[in-house]
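These notes concern the structure reproduced below.
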2 protein chains.
Amino acid sequence: MATVKERPRLGGRSARIQASVHEAVEQLSAEMDRSELAIPAIAARAGVTPSTIYRRWGSLGDLLADVAVKRLRPMADPLDTGSARTDLQAWTEQFMEEMSSEVGRAMIRDVFSSPVETNACQCCAYTYEQLQTIADRTAGRGEAGFDVDEVVDHVVAPIMYRILFSGRPMDMDYCDALIDRVMPGCE
Amino acid sequence: MATVKERPRLGGRSARIQASVHEAVEQLSAEMDRSELAIPAIAARAGVTPSTIYRRWGSLGDLLADVAVKRLRPMADPLDTGSARTDLQAWTEQFMEEMSSEVGRAMIRDVFSSPVETNACQCCAYTYEQLQTIADRTAGRGEAGFDVDEVVDHVVAPIMYRILFSGRPMDMDYCDALIDRVMPGCE
DNA sequence: TTCTTAACGCAAAGGAATTGCGTTAGTGCG
DNA sequence: CGCACTAACGCAATTCCTTTGCGTTAAGAA
C-alpha cells in the first residue's frame, strides 16, 4: 500500500537491497508469467526476507511500478540528427517501438498497477523532457521549431492510446503522418 | 488466472450469481478503499462462497476488470443536437467529465488490472461505436462529417493521455480546440 | 568514536488463494 | 414431460501469501 517514500538512508545496505530486489524483479519477470510472480519468490532471489519488501514497497503492485518507472527512464538524450524534424522522427520511432514491444507494454501496465499516481506522471515527465531537449536545439539552429504540448497531444497520445486501448498496429508512416500535423510545411 | 470465458449457462443461477457478485463489487468499492477490497468480503456480501468467484473470474483483477467494462458501457446513443459539430462537442464533454471523475479513473485503472487485453479493446470499441453513430447521422443530413479515426487519435487520445499520465486538468475550451483540429472550417 | 534510529531479519499469527469431492441445477434429448 | 448429462456451485482442507511484534544491524550525525 504504502508510500515508496523518499528514504533518508541512501547509502550502503539500503541501496544494496534496493538494487538487489530490482534485479530480482527483472530476472523473474523475464522467467515467468506476471500472474505467478510473487513477493516471496522475489525476496528469495534477492537474498532478503519477504517482510523487508512488504515494509519497504508495500505491495507487489507498488514494487512492479517502482521497477517499471526506473526502467522507463531514458538513458540518453535524444539523438541529434541535424534538424527538429528528423530528430522528432527518430525519437518517435524509437518511442513507438519501445512502448509497443512486449516488455514495453508490460512496463506500462505495471506503472498502473499501483495506486500511486506519481508513477504515471513521472513517465510523462520523462517524455516531456526528451521532447523539450529536442525543441531547445532548434533555438540554437534558428529553424522552425514545434510546441512540445502539441507533440504530446497529437503524436505521443495517439500512439499510447493505440497501444493501451485499440491494439491497432502502427508503422512509421503512421507516426510520420502524426508528426506532419504538428509540423506543417516541413516536408 | 483464468478467462472470464463465455459461459454456456446463461440462465437462472449462473446469471443470478453474476449479478449478485457484480453488485457486491460496486457496493463494496464505494464503501471502502480499493486496496482493502478482497474476494472473501465480496463473496460474503454476494452470498456465495469465495471459491465460486475464484473459479469463475480467476483473480480480483479479472473480476474488477469485468465489472468496470460492464459499467463503462454507454447506456444510450449520443445525443442528437442537430449537427455533427455540436453532437461531437456534447459527446466529448460528457466523455471527458465521466473519465476524469474519480470513479471514471478508478474504472480505467481496473480495466488494466487484468492481463486480459480484450477488456481495454472493448472500451475502445464502445467509444468507436458512439462516434460512428454520430458520424452516420451526418450522412442523413448532407453536412460535412468527420473521420472517426481522426477523432479517436486527436480528441479521445489526448484526453485519455492527460487523465492517465500527465494529470493535467482540462476544460471544455481545451476539448473544443481538439475538435477544431479534426473539423476545420466549422466554427 | 559514540549515540540515535531507520531499516532489516526472524518467527509467529492471521487471512487469502487453491483444490478435491460431493451436490445442485441448467440444458438437451428422447 | 421426464430423464440423463454435466457445468457450476458449496464445503472444507491445504497451501501460500501477508501482516506484525521484537530483537538486531548499520547508516547518519554530533
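Here is how names work: the chains are called A, B, and so on, in the same order as the sequence lines, proteins then strands, and each is numbered from 1.
- In this structure, CZ of A:Arg16 is placed 11 Å from P of C:dG9, rounded to the nearest angstrom.
- Checking D:dC9, D:dG10, D:dT19 against every side-chain atom of B:Arg55, the shortest atom distance belongs to D:dG10.
- Side-chain proximity of B:Ile17 to the nucleotides C:dG9, D:dG10, D:dT19 is greatest for D:dG10.
- Among C:dG9, D:dT18, D:dC17, the nucleotide with an atom closest to any side-chain atom of A:Val48 is C:dG9.
- Nearer the 5' end of DNA chain D, as judged by each residue's closest nucleotide, is the contact made by A:Pro40, out of A:Pro40 and A:Ser51.
- Atom pair A:Glu36:CD and C:dT18:P shows a separation of 11 Å (rounding to whole Å applied).
- Summarising the geometry, the separation between CG on B:Leu63 and C1' on C:dA16 is reported as 15 Å, rounded to the nearest angstrom.
- Among B:Arg56, B:Gln18, B:His22, the one residue that satisfies the side chain to side chain donor-acceptor pair (under 3.5 Å) test with B:Asp66 is B:His22.
- Here the side chain of B:Arg13 is nearest to one of C:dG9, D:dG10, C:dG26, namely C:dG26.
- Rounded to an integer number of Å, the gap from B:Leu37 CG to C:dA16 C1' is 13 Å.
- The phosphate of D:dC9 has OP1 or OP2 within less than 4.0 Å of a side-chain N or O from B:Arg56.
- The pair A:Glu117-B:Arg109 meets the salt-bridge criterion, since a charged nitrogen lies less than 4.0 angstrom from a carboxylate oxygen.
- Atom CD1 in A:Ile53 sits roughly 15 Å away from atom C1' in C:dC10 (whole-Å rounding).
- The phosphate of D:dG10 has OP1 or OP2 within less than 4.0 Å of a side-chain N or O from B:Thr52.
- Between the CD atom of A:Gln18 and the P atom of C:dC8 there is a distance of 10 Å, given to the nearest Å.
- Following rounding to the nearest Å, A:Asp62 (CG) and D:dT19 (P) show an atom-to-atom distance of 11 Å.
- Closest non-hydrogen pair, B:Tyr128 versus B:Asp149, comes out as OH-OD1, 3.1 Å.
- When rounded to the nearest whole Å, the span between CD1 of B:Ile39 and C1' of D:dC17 equals 14 Å.
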- Please report the C-alpha distance between A:Glu31 and A:Arg45 in whole Å, then the side-chain angles of each, then the deciding distance to 0.1 Å, and finally whether the salt bridge (Lys or Arg N to Asp or Glu O under 4.0 Å) criterion is met. CA-CA 12 Å; A:Glu31 292 174 14; A:Arg45 175 67 64 99; 3.1 Å; yes

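- Checking B:Gln89 against B:Glu93 by side-chain atom types alone, no donor-acceptor pair falls below 3.5 Å.
- Picking from D:dC9, D:dG10, D:dT18 the nucleotide with the shortest atom distance to the side chain of A:Tyr54 gives D:dT18.
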